[in-house]
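The chains referred to below are lettered A, B, ... by the order of the sequence lines, with proteins before strands, and numbering in each begins at 1. The figures that follow rest on heavy atoms only: side chains count, while hydrogens, waters and symmetry mates do not.
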Amino acid sequence: MSTANPTDFFVVGDEIHDTKAPAGPIEQKWSTRKFEAKLVNPANRRKLSVIIVGTGLAGGAAAASLGEAGYNVLNFCYQDSPRRAHSIAAQGGINAAKNYRNDNDSVHRLFYDTVKGGDYRARETNVHRLAEVSANIIDQCVAQGVPFAREYGGLLDNRSFGGVQVQRTFYARGQTGQQLLIGAYQALERQVAAGTVAMYNRHEMLEVIVADGRARGIVTRNMVTGAIESWFADAVVLATGGYGNVFFLSTNAMGCNVTANWRAHRKGAYFGNPCYTQIHPTCIPVHGESQSKLTLMSESLRNDGRIWVPKRAEDCDKDPRQISEEDRDYYLERIYPAFGNLVPRDIASRQAKNMCDEGRGVGPKVGDARRGVYLDFSEAINRLGRDAVASRYGNLFDMYAQITGENPYETPMRIYPAVHYTMGGLWVDYDLMSSITGLYVTGQANFSDHGANRLGASALMQGLADGYFVLPNTINDYLAGAPFDKIDETHPAAVEAMRVVQERIDRLLAVDGDRTVDSFHKELGHIMWEYCGMERTEQGSHPRHRCHPQAARGVLEPRQGQRHERGLQSDPGAGRTSRRLHGAW
Amino acid sequence: MVTYQVQDVSPDMSFLEMLDLLNEDLTLKNEEPIAFDHDCREGICGMCGVVINGAAHGRSSSPVPTTTCQLHMRSFSDGATIDVEPWRAGAFPVIKDLVVDRTAFDRIIQAGGFISANTGAAPDAHAAPVSKIMADRAFDAATCIGCGACVAACPNGSAMLFTSAKITHLAMLPQGQPERFSRVKSMVAQHDAEGFGGCTNIGECSAVCPKEIPLDVISQLNRDLVASLFKRDGK
Ligand SMILES: Cc1cc2nc3c(=O)[nH]c(=O)nc-3n(C[C@H](O)[C@H](O)[C@H](O)COP(=O)(O)OP(=O)(O)OC[C@H]3O[C@@H](n4cnc5c(N)ncnc54)[C@H](O)[C@@H]3O)c2cc1C
Ligand code: SF4
Ligand code: FES
């Protein structure tokens, strides 16, 4: 065991406070701020430019809205189209305080539930504003043609979600994220056609350019040609999503690799609450060493499915249908009789891990343990009939069958918790500006709205609130002071940023190593999951305790190889060297 | 065409995990890995897509409609030789290996695949009720993920299924009416300008579509296109 001090690994910085939220009661802060924020007159907006990195709900909505307002927007994403940002994968729904159900919902109740759900660690002023604009989001999306679920009378349907007592969640079958994102994407493409937004897809941001104390640009790599380029604007917005992929396996997309936030952090932007990770209890378990990502299944499955493991470890490799009732341990029902299978997410996750740690997990052995528990619908099928179960969960059962090759109507499903959402992110003030002047952070990339735990259906709400309604009303306060001094690639800050990026790439390419990038990412992800995952001890999370020091440095560039160091069209050798990295850089 | 051997493939692996395995192996052998597009790996972002044994997204190997990332190796027999090709279509130039340029789809959307509603200008969401039947029809069309399989499968390289899905989504909703007829004209014009072929009702597109977009969206587009000759909506 190492004897290093924790403070060897970090410095305690100056205290930081939000100075932008105005004084006065929380209900009036947003209207006061909107009134007090400086404005930019429409004729001047044309002369100002904003870089937005990210085209998810947070970035796409902001790019469209700032374009409509008349600013020049440069919008970047690493996918081949802005429509593919990982917001697309959200299934469940989006909250809004519409009170269409007449069930006593209100802005205050949505605010209260979100803050309480976050264990009182969210920034309350920001959450109140979120609740205030939530109703406008639904209006905006409907106007764009987002096909939310409707009732026979033609009005919008709602469901309850995330363990709250009101029905305030709007949804679009199991694809709410996709439909919301397509709405934002279409608004964005409309602005591309109007010439206010210039879209740069297959561009990966690798550095922020901070000149004379202000964020003024970014450095990107063109993933097709490999070109490293610098871009300049009056303000920079990061809407680059979360960092679940530091655990290697998660429900996030393969490319969600936090490079953008990490680079901003290394440039001096503070990072808040990096330790807050949400682990989702109902994911499809790992099938083997070659697993590349995990798939979430809606938690609603726990309403009718019963969770169990065999009482005896020797039964774990038996066909579950051959295990008699008395040999099954319905452990959640046993330990928490009042809640049963509907215990909160974190408890359901932790107990599943405990059962597997005891050697009672089921499914294939991955490494030295079986990591899965049964989620059994046989009782529900007997009680309600197969058709009723199919009408509630049919699409989830189909998805499960497609991935696992097993029929959940006949054998119990296997589930295991997986990393799902990261609540932490770059620190921002009430205006969503980070600790770097002129660098804004929106959506999942910032730390502000979910505290220690995100309530279901509130991330989509935050992304669109930030993108449509918050940023467009706060960034003008800063841009009112622009245009700032002219800047181009000859500015020393730009030259330095380009040099640093190039040097980092050259250093990686020069390593004639014997391991692949993915092998590092997997190993590091495994360390994170084992020691900073569901259970953390002081010793386990101590950086020197488990991390291979060389490997620990490797996490700075997760999945670089996947992104083609020199671009797809570069000389044939480049891809090869890019994927051969050695442990000792 | 290059032939690779892939060892230790498990039936539970997804098709892309099999490619990952091959790429890891190629990298260790100092050979160049194969470039392919992917991101969500759960069948929703539309980024993945290759032709497998002659069928877009490997439709001929899968009992159910699927994206490439949701196809699993249990669909193939042990020791099988699998042909993998990129989408082939004039309007989707190959960038490298299995990666193609599908930005033509974005430009078709730019041509009118939206409802002009500036942020902040929206009326209350309940101002315009939508009958469930229309809402459902709009939804079915809106599930298109923009993967391009329909184009790859079409002998004419037509993107009519993709274009019609958007037309139908927006035409079924009251919010989509004001621009309905100018939308169909400009989107079809852009479709043709991108070099996609014409539709001759072969139906290969819908057969491979991972989201089962039905062929009747194309009839909807044709009806709206004819109507647009007589109706003007101000653009
Ligand atoms: C499976 C799943 C289900 C979910 N279900 C729900 C739900 O039901 N309800 C809910 O409220 N929330 C849900 N969430 C959470 C929610 O979807 C996300 O938190 C939210 O969509 C994030 O939006 P975003 O715009 O902040 O980021 P993203 O949508 O992740 O967008 C990030 C953008 O940044 C770009 N980017 C990132 N890094 C770079 C870089 N270095 N260079 C260039 N571009 C870059 C990407 O290209 C992308 O465009 C779910 C999440 C997952 C994974
Ligand atoms: S219509 Fe189907 S096949 Fe064509 S792009 Fe859309 S989802 Fe893909
Ligand atoms: S990778 Fe997203 S649909 Fe296949």
Side-chain angles (χ1 to χ4, degrees), chain A residues 64-65 68 79-81 83-84 86 88-89 98 100 136 138-140 142-145 147 150-156 172-173 175 178-179 182 186-187 189-190 192-193 201 224 253-255 287-288 290-293 295 398 402-405 468 472 516 518 564 568-569 572 575-576 579-580, chain B residues 10-14 16-17 20-21 24 27-28 30-33 35 37-42 44-47 64 66 70 72 74 95-96 99 102-103 105-106 109-111 113-119 121-126 129-132 135 138-139 142-143 146 169-170 173 175-176:
Chain A
S65 305
E68 288 161 7
Q79 293 93 343
D80 72 327
S81 165
R83 66 180 291 154
R84 310 207 200 280
H86 200 54
I88 202 111
K98 278 284 197 188
Y100 281 161
N136 304 84
I138 303 304
D139 299 343
Q140 185 62 35
V142 167
Q144 291 168 344
R150 289 183 184 264
E151 298 180 319
Y152 285 104
L155 302 179
L156 296 169
R173 292 190 199 156
Q175 322 171 349
Q178 184 198 13
Q179 297 307 328
I182 296 299
Q186 288 172 188
E189 293 297 351
R190 174 171 166 248
V192 172
N201 57 18
V224 175
M254 303 300 286
H287 61 66
S290 61
Q291 183 104 24
S292 59
K293 79 152 274 171
T295 304
D398 292 348
Q402 197 175 3
I403 293 176
T404 62
Y468 286 133
T516 63
D518 268 12
H564 317 290
L568 294 164
Q569 286 175 343
R576 183 177 68 227
R579 293 185 65 97
R580 281 174 63 84
Chain B
S10 93
D12 287 331
M13 270 183 196
S14 71
L16 298 185
E17 285 167 352
D20 289 343
L21 187 69
E24 288 286 285
T27 307
L28 289 172
N30 246 326
E31 289 174 43
E32 186 164 5
D37 264 337
H38 65 104
D39 199 28
C40 74
R41 295 206 178 186
E42 48 184 280
I44 195 74
C45 74
M47 183 119 174
V64 288
T66 185
Q70 290 295 288
H72 285 73
R74 70 180 76 87
I95 296 176
K96 184 179 183 183
V99 178
R102 285 171 292 196
T103 49
F105 272 10
D106 291 332
I109 300 297
Q110 282 158 29
F114 48 75
I115 290 169
S116 301
N118 279 4
T119 303
D124 184 87
H126 274 172
V130 186
S131 70
K132 191 157 165 39
F139 195 100
T143 58
H169 162 205
L170 299 177
L173 298 171
Q175 294 83 4

Interface residue of largest heavy-atom contact number with chain A, from B:Ile109, B:Val130, B:Thr66, B:Asp12, under 4.5 Å: B:Val130

Distance-only donor-acceptor check, side chains A:Gln175 and B:Thr143, under 3.5 Å: no

Side chains of B:Ile115 and A:Gln186 in contact at under 4.5 Å (non-hydrogen atoms): no

Side chains of B:Asp124 and A:Lys98 in contact at under 4.5 Å (non-hydrogen atoms): yes

A:Arg190 versus B:Ser116, side-chain donor and acceptor atoms under 3.5 Å: yes

Distance-only side-chain donor-acceptor flag, B:Glu17 / A:Ser292, under 3.5 Å: yes

Approximate separation, where rounding is to 0.5 Å, of B:Gln110 CD and A:Glu189 CD: 4.5 Å

Approximate separation, where rounding is to 0.5 Å, of B:Asn118 CG and A:Gln144 CD: 10.0 Å

B:Arg102 side-chain N/O to A:Ser81 backbone N/O, donor-acceptor pair under 3.5 Å: no

Considering all heavy atoms, the nearest A:Pro147-B:Phe139 contact: O-CD1, 3.2 Å

Student check: side-chain heavy atoms of B:Asp106 and A:Asn201 closer than 4.5 Å: yes

Heavy-atom pairs under 4.5 Å with chain A, option from B:Ala142, B:Ala135, B:Ser131 with the top count: B:Ala142

Interatomic spacing from CD in A:Gln179 to NE2 in B:His169 - rounded to 0.5 Å: 6.0 Å

Under 4.5 Å from a heavy atom of chain B, the part of A:Gln178 involved: side chain

Choice from B:Gln175, B:His126, B:Met47 maximising heavy atom contacts with chain A below 4.5 Å: B:His126

Residue, of B:Ala121, B:Pro123, B:Ala138, that accumulates the most heavy atom pairs under 4.5 Å with chain A: B:Pro123

OG1-CD distance between A:Thr295 and B:Gln70, expressed to the nearest 0.5 angstrom: 6.0 Å

A:Asp398: partners by side chain to side chain donor-acceptor pair (under 3.5 Å), with sequence neighbours left out: none

Side-chain donor or acceptor of B:Arg74 paired with backbone N/O of A:Thr404 under 3.5 Å: yes

Pairwise distance NZ(A:Lys293) to SG(B:Cys40) - rounded to 0.5 angstrom: 6.0 Å

pair B:Asp39-A:Gln79: side-chain heavy atoms closer than 4.5 Å: yes

Atom pair OG/NE2 of B:Ser14 and A:His287 - distance to nearest 0.5 Å: 6.0 Å

A:Asp80 versus chain B, the contacting section by heavy-atom distance below 4.5 Å: both

Side chain, backbone, both or neither of B:His72 within contact of chain A (heavy atoms, under 4.5 Å): side chain

